[in-house]
Every structure is written in C-alpha cells, then in structure tokens.
Amino acid sequence: MANNTSRTDSSRIVVNGTAAADSPRPGQCLRTFLREQGALGVKKGCDGGDCGACTVHVDGTPVHSCIYPAVRAEGRAVTTIEGLAATCAAGGPDTAVGPDAAVGPDAAALHPMQEQFLDRQGFQCGFCTAGMVMTAATFDEEQKANLPRNLKGNLCRCTGYRAIGDAVCGPESRADLAGPDSSGGGPGTAGPGQPEHPPGQLGDDVPAPAGLAIVTGLARFTLDVRAEELPGLLHVKLLRSPHPHARIRSIDTAAALAIPGVEAVFTHEDSPAQLFSTAQHEHFTDDPDDTRVFDDVVRFIGQRVAAVVAGTVEAAEAGVRALRVDYELLDAVFTPENAMLPGAPAIHGDKDALTARISRPDRNVVAELHSELGDVAASFAAADFIHEHTYRTQRVAHTALETHAAIASFDSDGRLQIRTSSQVPFLVRRTLGRVFGLPQDRIRVVAGRVGGGFGGKQEVLTEDVVALAALKLNRPVQLEFTRTEQFTAATTRHPFTIHLKAGASRDGRLTALQLEVLTNTGAYGNHAPGVMFHGCGESLGVYNCANKKVDAHAVYTNTVPSGAFRGYGLSQMIFAIESGMDELAAGIGMDPMEFRRRNMVREGDDMLSTRDEPQADVRYGSYGLDQCTRLVQDALDRGRERYRAAGLEDLGPDWVVGEGSALSMIDTVPPRGHFAHSRLRLLPDGTYAAAVGTAEFGNGTTTVHAQLAATALSTTAARVAVRQSDTDLVDHDSGAFGSAGTVVAGKATLAAAEDLAVRIRAFAAGLRQIPAAGCVLETDAVVCEGTCVPLTEIYDAAKQAGVELAAEGHWGGTPRSVAFNVQGFRVAVNTGTGELRILQSVQAADAGVVVNPRQCRGQIEGGIAQALGAALYEEVRVDDAGRVTTDILRQYHIPSFADVPRSEVYFADTSDKLGPLGAKSMSESPFNPVAPALANAIRNATGVRFAELPVSRDKIYLGLKEAGLVPSR
C-alpha cells in the first residue's frame with residue numbers, strides 16, 4: 001500500500017514524540033540541533049564522540065549525538081533524557097536548588113533507569129548523568145554483566161564509578177574481593193554520641209535535592225538557557241596565538257568584519273589597561289598582576305589574541321579564520337630550569353616587581369621560598385641512612401565535563417549580569433569591577449549548576465571576554481570553550497620537580513628533610529605563589545623532624561598556564577615525601593607504616609614546615625591520623641587473607657605482588673581568611689528557605705547545608721530549600737575552593753539556623769505567653785508546654801505582627817583545623833609486560849562527624865579515581881616548541897569505568913571542635929596520598945622506585961628491564 005504521508009512530514013526529525021519544527025542545517029550535528037529544539041539535557045563534553053554526555057536514542061539505539069549528522073535522523077524517532085519520563089509538574093522545597101529551580105517530571109513517572117540513578121545517587125555534579133542514563137537504559141542483562149565494556153563510551157570525572165555501577169545494576173553489580181566493609185563506614189560515620197533524630201539531619205544519607213532534575217535532564221547548567229530568555233544573543237569565538245612568544249604588530253580585521261553575521265572584533269586595542277590575575281582568591285594580592293583581557297604580547301601557544309562576535313557560532317568561527325595578524329617573533333623558553341638561567345628571555349620583563357608582585361621578573365621567578373629549621377647539614381652527617389632522589393610530577397588537566405562558559409547580559413535596570421561556570425561567583429564580580437571600572441552593585445554574577453570544577457573554575461577565563469563584548473555592544477554575549485581549548489588555553493596542575501634528601505636513624509626516627517622544589521607555572525602566574533607555599537606546608541608539617549630545609553621557586557615558561565588543582569600543590573609534594581618515607585624505612589629495615597607512626601605528628605605536637613613557629617590559627621580540632629593508619633593496615637591484612645582463602649594469591653610465574661601506603665594532612669580552610677554569609681527564613685508553608693553563596697559542582701554543599709540547617713531547626717533536609725551561587729542572594733562568599741564549602745559556608749549556615757531556631761522559639765513563647773524554655777522546635781511545629789503550634793500558624797502570627805522570622809550567619813574561616821587521609825594499595829605487577837593490576841584499594845579519612853556518609857564516601861571515591869588517572873596515565877604533553885599535543889579526550893586518557901577499582905572507604909571516629917557540628921572538609925584531600933601509595937606498592941612488589949609520574953605501563957616495563965627484572969624468553 002502506498003504511503004500517504006507527505007515527504008516533508010516523513011523527513012522531519014521526531015523528538016520525544018513530536019515532529020521538530022525546524023530542519024537541520026547542512027553539516028549540523030544532532031547535538032546542536034536537539035539543543036536548538038529545547039532539549040537542553042543533551043550536553044557537550046567533547047564534540048568528539050569521546051565522553052558520552054550527549055547520548056540520545058535514535059530509533060531506540062544509543063548514539064553520541066555530537067558526531068551523529070542531524071540529517072541522518074530525518075524520518076527517525078529521537079529520544080532525549082527529557083523524553084524518558086512523562087512530564088508533569090513537581091513542586092516542594094526539595095526541587096528548588098540554586099537560582100535554577102527544577103520543574104519537571106514527577107518521580108513516580110520515571111523510567112526504571114532514572115529511578116535507579118535517583119535511588120542510588122549515581123551522580124555528583126550530574127553533567128554526565130543524562131548520557132549515562134540514556135546509554136544504560138538500553139542495556140539487557142548480558143550488557144549489565146559487562147559494564148567495563150558497555151560503559152566505555154561514557155565518562156564521569158566525579159564519582160569514581162562505584163555509584164554508577166550500583167545504579168545500573170544494583171550494589172551487587174561489581175562484586176569483588178573488597179570485603180564486607182567496602183560498602184563504606186567504619187566507626188564514626190555520624191560522629192560519637194549522636195542523638196536520635198528525624199531522618200534527614202546530621203549523619204543521614206540524605207539524597208541530593210537536585211537529584212530528580214539531574215536524572216531527568218532538567219537541572220540547568222551554565223548554558224542551559226532557552227533562546228527566548230536571551231533574545232539577540234551573540235556568540236564569541238577566540239583567535240589564539242600560534243606562537244609561544246611574540247609581539248603583535250597589527251591585526252587586520254577587515255575581512256572578518258565583512259563576513260555576514262559578524263558584529264565586532266575586539267583586540268588589545270579595545271582591552272582595558274588594568275592588569276589582573278585570572279586566579280581568584282579572597283585577597284587578589286595573593287597572585288601577580290600579569291594579565292590583560294587582550295595583550296599585545298602573547299606568551300604561549302593558545303593565548304587569546306582577538307575575539308570575534310557574531311550572530312552564530314559558525315559566523316564567529318569564520319571571522320576568526322579571516323583575521324590576519326602580523327607577529328614579531330620573540331625568543332621563548334619552555335623549562336623552568338632554562339628559564340632561570342642568565343640571559344633567558346624575560347617573559348614578564350616589562351612588569352615592575354613591586355607593583356605586579358613578581359619576585360624576580362628578570363629571572364622569570366614568580367615567587368620563591370627559602371627556609372631552614374634546625375641544623376640540616378649536621379643532622380645528615382649523623383644519620384644512619386640517607387635517601388636522596390629527584391621526583392617529578394606532570395601537568396594534569398582538570399577535565400571537568402562541562403567546559404568553561406559564560407553569558408553576559410543586562411537586566412531591566414541596565415546592570416551587567418554574568419552567568420558562568422564558576423566556583424567563585426563573588427570573586428568574579430570583584431575582578432570584573434576592578435578590570436572594567438564598574439561598582440560591584442552594577443554587576444550580578446550567577447553560577448547555575450556547575451559541571452565539575454576541581455580548582456579549574458577558580459579562574460576568570462571567559463567572564464572578562466563576554467563582559468567586554470557585552471559592554472561594547474549592549475547585547476547579550478556567550479562564550480563556550482571547546483574541549484581543545486580546555487586542554488590548550490585553560491589551566492593545568494603545576495608540574496613539580498622535587499629533589500629530596502632525607503635522613504633517618506636506625507631506631508626509626510626522621511632526622512632531616514631537605515627539599516629543592518621547582519614549579520612550572522607556565523606563561524602566567526595565576527596561583528603560582530599559593531601552590532608553591534601550600535605544597536611546602538602540610539606535606540612537611542605532618543612529620544615531626546627538628547631539621548627541615550626548603551628552597552622553592554615558581555617559574556614562568558612559555559607554556560600553557562598552570563593553576564589551581566585539587567590538592568593545591570600538596571599532591572605533588574606528598575608524592576616525593578611519602579616515596580622517601582618508604583625508602584628510609586627500607587634502608588633501616590623497618591615496616592613503612594611503623595616508620596610513619598613513629599614520626600607522624602600526634603595531637604598536641606607543633607605542625608612545623610617552613611617556619612619555626614606553628615601557624616597561630618591552625619589547631620587540632622580533632623585528631624584521627626592514628627585511627628586512619630590502623631584502619632588501612634587492618635583492611636590490607638584482611639584483603640591479603642581473603643585472596644589467600646580464595647586461592648588467588650598465585651597469579652603466575654611472571655607476577656609479583658606488593659603493598660604500599662601513604663598518608664597526608666591538609667588544613668581544612670585556606671589561610672588568612674575565607675568568608676561566608678548565609679540567610680535563613682521561615683516560609684508561609686512552614687518550610688525554610690536558605691540562601692548561601694557557595695557553589696554546587698558535585699561537591700555536595702547543597703545537601704550539607706540543608707542537613708546542617710535541618711539539624712539546628714529540628715526538621716528534615718527536605719524542608720529546607722537551598723538557593724546559592726548568586727551574588728544577589730547574600731553579601732559575600734569567598735567561594736567553593738580549599739574545601740571550604742562545609743567548614744566555612746556550612747558554619748555560616750549553621751549559625752543562621754541556630755539563631756533562627758532561637759527566634760522561632762522566642763516568638764512562639766510570646767504568642768503562648770510562656771517562657772521560651774518551655775518551647776521545643778520540631779519538624780513542622782513548635783511544642784509549647786505540650787501544645788503543638790504549627791509553623792504555618794507561627795508564620796501567620798509573625799506576619800500579622802510585622803515580624804519576619806529570619807536570621808543571618810557569618811564565618812571568617814578561622815581558627816582552622818586539620819584533616820587526615822591514609823591510602824593503601826595491594827597490587828600485582830607482571831615483570832614480563834609491565835602490566836599493573838590493583839588488587840585492593842583502601843582509604844581511611846578523618847572527616848570528623850560525617851554529615852552525609854554516602855556523599856562523603858562518593859567524594860573520596862572520586863578523589864581516588866582522579867588521582868589514579870594522574871598516577872598512571874594522565875599527562876598534558878607539551879612538545880619542544882611549547883605546543884600541547886594532547887588536545888582532545890581520546891589523546892588524554894581519563895579513567896573510564898573499566899579503569900577504576902572498587903575502593904574500601906573507612907572513617908575515623910572523631911568530632912572536630914572547630915567544624916560545624918563536628919564536621920571537617922573532605923573534598924581535596926582524598927586525592928593527595930594516592931600516587932605515592934601506588935608507587936610504594938609497586939616498589940614493594942618489584943624493588944624498583946618509580947619517581948616520575950605518570951607511572952605508565954611502558955615506564956614500568958622499561959624500569960624493570962633496566963633493573964634486570966624482565967624474564968628472558
């Protein structure tokens with residue numbers, strides 16, 4: 001029978017059951033087409049078919065829509081994450097998260113895979129979740145049984161994959177030999193002596209408030225803005241330097257401006273003269289002023305040269321290609337060793353050392369540190385064993401799946417509005433005001449939900465460009481980095497070269513530590529001083545040793561800039577120091593863990609690193625390092641017995657097995673003040689609204705703040721709606737970095753909640769004319785001497801009396817506590833091939849009272865996974881000409897599901913006197929001890945010390961071959 005459907009109708013793309021109104025443009029990919037149709041749950045993580053964030057179904061088959069030509073979908077049915085669930089309105093305080101409250105499907109209407117991800121919290125930031133759900137929703141039981149293979153096309157940077165595996169198949173999906181305790185816990189998950197309370201308070205596994213929006217694709221990330229919300233939106237693309245060092249003589253913009261759709265071109269001639277740093281700290285003077293929005297000197301391949309603004313991305317890209325630049329090439333230098341030599345090109349030689357806050361611009365030294373405690377030379381002379389070696393760590397990319405992006409627009413009063421993927425919206429506002437000469441009350445900065453950060457979004461990399469363009473054109477403007485720009489023009493972890501010399505006595509005492517540290521900050525000094533100083537802090541302070549010497553330099557080179565990265569210098573230094581501890585223990589014939597126990601600080605000991613007096617505001621709010629070492633050792637012992645009992649200890653003639661561990665300490669708050677302000681108020685329906693400044697990017701602050709407030713208000717987290725990351729909401733917040741979301745912003749929220757609880761009880765007492773002591777706040781009421789008064793009634797009475805039941809809280813980040821982590825591994829190494837298998841991974845954490853055990857465990861698992869990538873294969877490679885060669889995801893290997901072992905996680909039983917309700921920070925620190933623990937395990941198995949990261953399979957093979965350990969065939 002003939003098909004009576006017209007060709008036009010049959011060729012339309014059907015999106016979630018409805019024929020699309022538009023047809024795809026020539027060459028358009030399905031991802032951009034679907035987003036233009038309003039399917040904003042389809043994300044961009046790579047545009048190369050590598051990450052899976054854009055996964056949709058075409059006639060029921062999952063595809064990566066970023067590489068699927070939209071024209072191929074004509075006449076086909078396309079399902080996005082939004083189409084998996086029936087749509088109906090959802091309300092209530094648990095759906096209001098930040099400035100972008102979700103309204104969408106009811107949980108009862110979800111697809112089973114969405115239900116599983118929601119029930120098992122198989123996400124953190126949530127940017128990858130839609131793609132994960134869409135892929136897993138098509139799995140049959142056979143595919144679920146082989147997730148390492150079938151999830152290889154979907155990447156997650158946050159979770160460590162355990163929660164994702166549990167969501168797809170249930171907790172039994174990755175059964176292994178991790179043991180019965182590997183589901184998390186250990187003593188103290190909710191802290192000692194915690195009282196009984198309604199579910200949803202301190203110590204409970206409260207689900208993320210944004211969970212429903214995340215699994216349905218309705219959580220609004222930075223660029224999830226519909227066209228009708230920003231009429232006339234323009235797009236920016238950047239011309240970037242092909243040279244590592246050059247002066248711009250001229251830029252010919254005529255051909256670019258002649259392209260239809262191009263509105264403007266901006267260059268250094270349009271740039272404000274104000275120098276600044278892209279790094280964002282509470283004190284902007286922490287970083288050198290060495291950057292302009294656009295400069296007439298480029299200092300690395302990939303530096304922005306000009307911005308083309310156009311009505312479409314395609315026109316802006318064409319405009320970039322049409323620009324003609326005349327460069328005067330300058331000498332370049334690519335290693336810090338060469339950059340410090342006399343006669344090396346002075347990369348910022350035009351800057352004044354004092355005003356720009358650069359230590360020695362003529363020698364490319366951004367910052368330096370020289371310190372000696374005790375008599376190091378005499379201590380080495382008296383040592384029974386000395387270990388001396390050079391350790392090197394590499395550049396690592398943050399690889400948050402949401403790339404840097406920002407939109408500038410204007411509100412009805414003409415105020416500049418910036419919507420950005422940032423960890424530090426308030427500091428972005430301050431920087432833009434400083435650069436463009438605007439008062440802060442004329443700028444509003446909002447961070448929607450942020451798709452991962454890891455320190456990389458503690459920078460201003462897009463906001464200044466869109467602000468410049470919007471202010472010049474009086475139009476809304478958007479800039480989104482490509483994945484290649486993330487690798488070549490954003491920031492990386494600082495590479496460190498550390499020459500370590502350490503001495504010990506025969507009785508296991510550390511006698512001397514000496515370190516020469518060289519860090520490569522790249523072309524700009526953002527975070528260079530802080531990373532260097534912080535790296536040389538707690539890594540040394542965790543050990544009692546009377547004799548310590550440090551000489552450190554942070555140095556400019558003509559390479560991609562380094563920046564803030566999880567651990568902020570500690571992971572690099574800890575790799576060297578903890579490797580050295582194992583070598584000292586081996587040299588004196590002592591068990592490495594016992595050697596650490598004899599030398600690590602105990603509660604009450606001075607924590608000394610580069611000064612002979614401890615930092616005045618750093619204290620032992622609690623101490624759990626001793627518990628952590630025992631927890632890890634006990635777990636490794638149990639794991640060894642499990643393998644033996646299972647008959648798996650003999651892997652074959654070429655395999656050797658070893659164990660290794662490492663410890664770390666971190667201050668729970670950055671130094672010299674970290675500030676937060678929170679507001680809470682009672683709502684008409686008897687629930688609460690909380691306004692906080694800190695950002696949510698998978699770190700779980702939204703949930704933690706709701707739980708802290710709920711505990712103080714004797715209610716549940718579901719009755720506290722949290723809005724955040726908007727400079728209009730509160731006075732100030734230093735930002736979500738340095739693990740401050742819980743211990744600084746959380747303290748402010750707790751203070752506001754405790755004050756509000758007092759105010760509510762006092763008002764209820766006055767209402768009932770009884771003493772306030774007779775009023776007890778409960779979930780949705782106040783019990784006044786046995787009479788239950790609903791909070792709705794109290795709100796109405798207060799409103800009638802002209803009283804707002806609200807309170808505010810502040811915290812300044814001091815005094816500060818310390819947190820501890822200990823990592824252990826059991827590994828097998830094939831001496832014939834260099835293959836490494838992780839047989840057991842375990843981490844113990846001193847997190848104080850754990851506010852949300854499931855969430856905290858997820859932070860630790862994610863930190864372990866990211867650190868394993870950095871330890872084993874991740875490296876941003878720069879060639880001899882200064883060019884980044886690993887500029888797409890398939891050239892830069894981040895851990896996939898198959899790469900990450902299931903880790904055992906344990907918590908020490910402590911309660912911190914300084915943290916909110918006994919809690920400590922636990923975002924950065926899980927990363928820090930992983931690489932040295934792994935290197936120590938490999939050393940224990942093979943006898944070979946690998947001192948350069950990453951310890952890739954080929955390096956293991958070559959190291960074993962050099963040591964004569966590769967078996968002959």
Side-chain angles (χ1 to χ4, degrees), residues 20-38 40 42 44 46-48 54 65-67 69-71 222-242 250-271 293-294 302-325 403-410 418-420 461-486 488-489:
D22 303 313
S23 297
R25 299 184 298 277
Q28 186 174 26
C29 72
L30 183 57
R31 181 190 68 81
T32 58
F33 176 80
L34 291 171
R35 287 185 64 85
E36 288 171 3
Q37 302 305 304
L40 300 180
V42 183
K44 184 196 91 169
C46 66
D47 270 352
C54 66
S65 63
C66 68
I67 56 172
V71 68
T222 307
L223 299 186
D224 294 339
V225 179
R226 299 185 186 280
E228 58 268 23
E229 298 177 64
L230 287 172
L233 177 67
L234 300 173
H235 296 270
V236 177
K237 296 302 288 185
L238 296 170
L239 174 67
R240 297 190 177 276
S241 172
S250 65
I251 302 177
D252 184 350
T253 64
L257 290 169
I259 292 173
V262 171
E263 297 285 338
V265 177
F266 298 111
T267 71
H268 62 274
E269 295 180 351
D270 306 289
S271 178
V293 177
F294 292 101
Q303 181 171 327
R304 51 168 92 147
V305 172
V308 176
V309 187
T312 64
V313 171
E314 293 82 2
E317 289 174 337
V320 166
R321 291 191 294 271
L323 292 172
R324 296 293 176 263
V325 184
T403 63
H404 285 272
I407 302 172
S409 61
F410 300 92
I418 305 290
R419 180 179 174 88
T420 178
L461 297 177
T462 56
E463 299 90 343
D464 56 329
V465 175
V466 295
L468 172 67
L471 289 167
K472 294 282 189 180
L473 299 173
N474 199 31
R475 294 268 300 275
V477 179
Q478 172 178 306
L479 171 59
E480 178 184 21
F481 275 14
T482 64
R483 180 55 59 186
T484 292
E485 286 178 304
Q486 286 293 133
T488 61

Participant: Does any N or O in the side chain of Arg483 come within less than 3.5 Å of the main-chain N or O of Cys46, such that one atom is a donor and the other an acceptor?
Facilitator: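 Flag not set: sc Arg483 to bb Cys46 has no pair under 3.5 Å.
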Participant: Between atom CD1 of Ile67 and atom SG of Cys29, what is the distance when rounded to the nearest 0.5 Å?
Facilitator: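 Here the rounded value is 10.0 Å.
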Participant: Within the structure provided, determine whether Leu471 and Phe410 are in side-chain contact (heavy-atom separation under 4.5 Å).
Facilitator: yes
Participant: After noting the C-alpha distance and the side-chain angles of Val236 and Val308, does the key distance pass the side chain to side chain contact (heavy atoms under 4.5 Å, CB included) rule?
Facilitator: CA-CA 6 Å; Val236 177; Val308 176; over 6 Å; no
Participant: For a 4.5 angstrom cut-off between non-hydrogen side-chain atoms, does Ile407 reach Leu223?
Facilitator: yes
Participant: Between Asp224 and Arg419, does any side-chain N to carboxylate O distance fall below 4.0 Å?
Facilitator: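 A salt bridge is absent here (no side-chain N lies under 4.0 Å from a carboxylate O).
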Participant: Just by distance, no angles: are the side chains of Thr420 and Glu463 close enough, under 3.5 Å, to form a donor-acceptor pair?
Facilitator: yes
Participant: For Leu234, which of Thr312, Leu479, Val309, Val262 qualifies under side-chain contact (heavy atoms from CB on, under 4.5 Å)?
Facilitator: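 So, applying the side-chain contact (heavy atoms from CB on, under 4.5 Å) to Leu234 and each of Thr312, Leu479, Val309, Val262, only Val309 qualifies.
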Participant: Taking all non-hydrogen atoms of both residues into account, name the closest pair between Ser409 and Leu230 and its distance.
Facilitator: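 Scanning both residues completely, I find the closest heavy atoms to be CB-CD2, 3.8 Å.
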Participant: Could you tell me whether a side-chain N or O of Asp464 sits under 3.5 Å from a main-chain N or O of Val466, the two making a donor and an acceptor?
Facilitator: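 No, Asp464 side chain to Val466 backbone: no donor-acceptor pair under 3.5 Å.
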Participant: Quick one: does Ser65's side chain have a donor or acceptor within less than 3.5 Å of a partner on Cys54's backbone?
Facilitator: yes
Participant: Does the Arg475 side chain pair with the main chain of Gly232, one donor and one acceptor, at a distance under 3.5 Å?
Facilitator: yes
Participant: What heavy-atom pair brings Ala315 and Ile259 nearest, and what distance separates the two atoms?
Facilitator: O-CG2, 4.3 Å
Participant: In the structure I gave you, are the side-chain heavy atoms of Val265 and Leu323 within less than 4.5 Å of one another anywhere?
Facilitator: yes
Participant: Check for a donor-acceptor pair, side chain of Glu485 on one end and backbone N or O of Thr482 on the other, with a separation under 3.5 Å.
Facilitator: yes
Participant: Which heavy atom of Thr267 sits nearest a heavy atom of Phe294, and at what distance?
Facilitator: C-CB, 3.8 Å
Participant: In Å, rounded to the nearest 0.5 Å, how long is the span from CD of Gln28 to CD of Glu36?
Facilitator: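 Here the rounded value is 4.5 Å.
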Participant: Which heavy-atom pair separates His235 from Gly311 by the least distance, and what is that distance?
Facilitator: CD2-O, 3.6 Å
Participant: Which heavy atom of Leu233 sits nearest a heavy atom of Gln478, and at what distance?
Facilitator: CD2-OE1, 3.6 Å
Participant: Given side chain to side chain contact (heavy atoms under 4.5 Å, CB included), test Asp22 with Gln37 step by step and report yes or no.
Facilitator: CA-CA 8 Å; Asp22 303 313; Gln37 302 305 304; 3.2 Å; yes
Participant: Just by distance, do the side chain of Arg240 and the backbone of Ala489 share a donor-acceptor pair under 3.5 Å?
Facilitator: no
Participant: Side chains of Val465 and Leu238: closer than 4.5 Å at any heavy-atom pair?
Facilitator: yes
Participant: Evaluate the side-chain proximity of Arg31 to Asp47: yes if any heavy-atom separation is below 4.5 Å, no if none is.
Facilitator: yes
Participant: For Gln486 and His404, indicate whether the former's side chain and the latter's backbone hold a donor-acceptor pair under 3.5 Å.
Facilitator: yes
Participant: List the steps, then state whether side chain to side chain contact (heavy atoms under 4.5 Å, CB included) holds for Arg25 with Glu314.
Facilitator: CA-CA 11 Å; Arg25 299 184 298 277; Glu314 293 82 2; 3.4 Å; yes
Participant: Measure across Leu473 and Phe266 and return the closest heavy-atom pair with its distance rounded to 0.1 Å.
Facilitator: CG-CZ, 4.1 Å
Participant: Please confirm whether the backbone N or O of Arg226 pairs with a side-chain atom of Glu229, one donor and one acceptor, at under 3.5 Å?
Facilitator: yes
Participant: Distance-only, no hydrogens or angles: does the Arg321 side chain make a donor-acceptor pair with backbone N or O of Ala256 under 3.5 Å?
Facilitator: no
Participant: Can you measure from CG (Leu239) to OG1 (Thr253) and round to the nearest 0.5 angstrom?
Facilitator: 12.0 Å
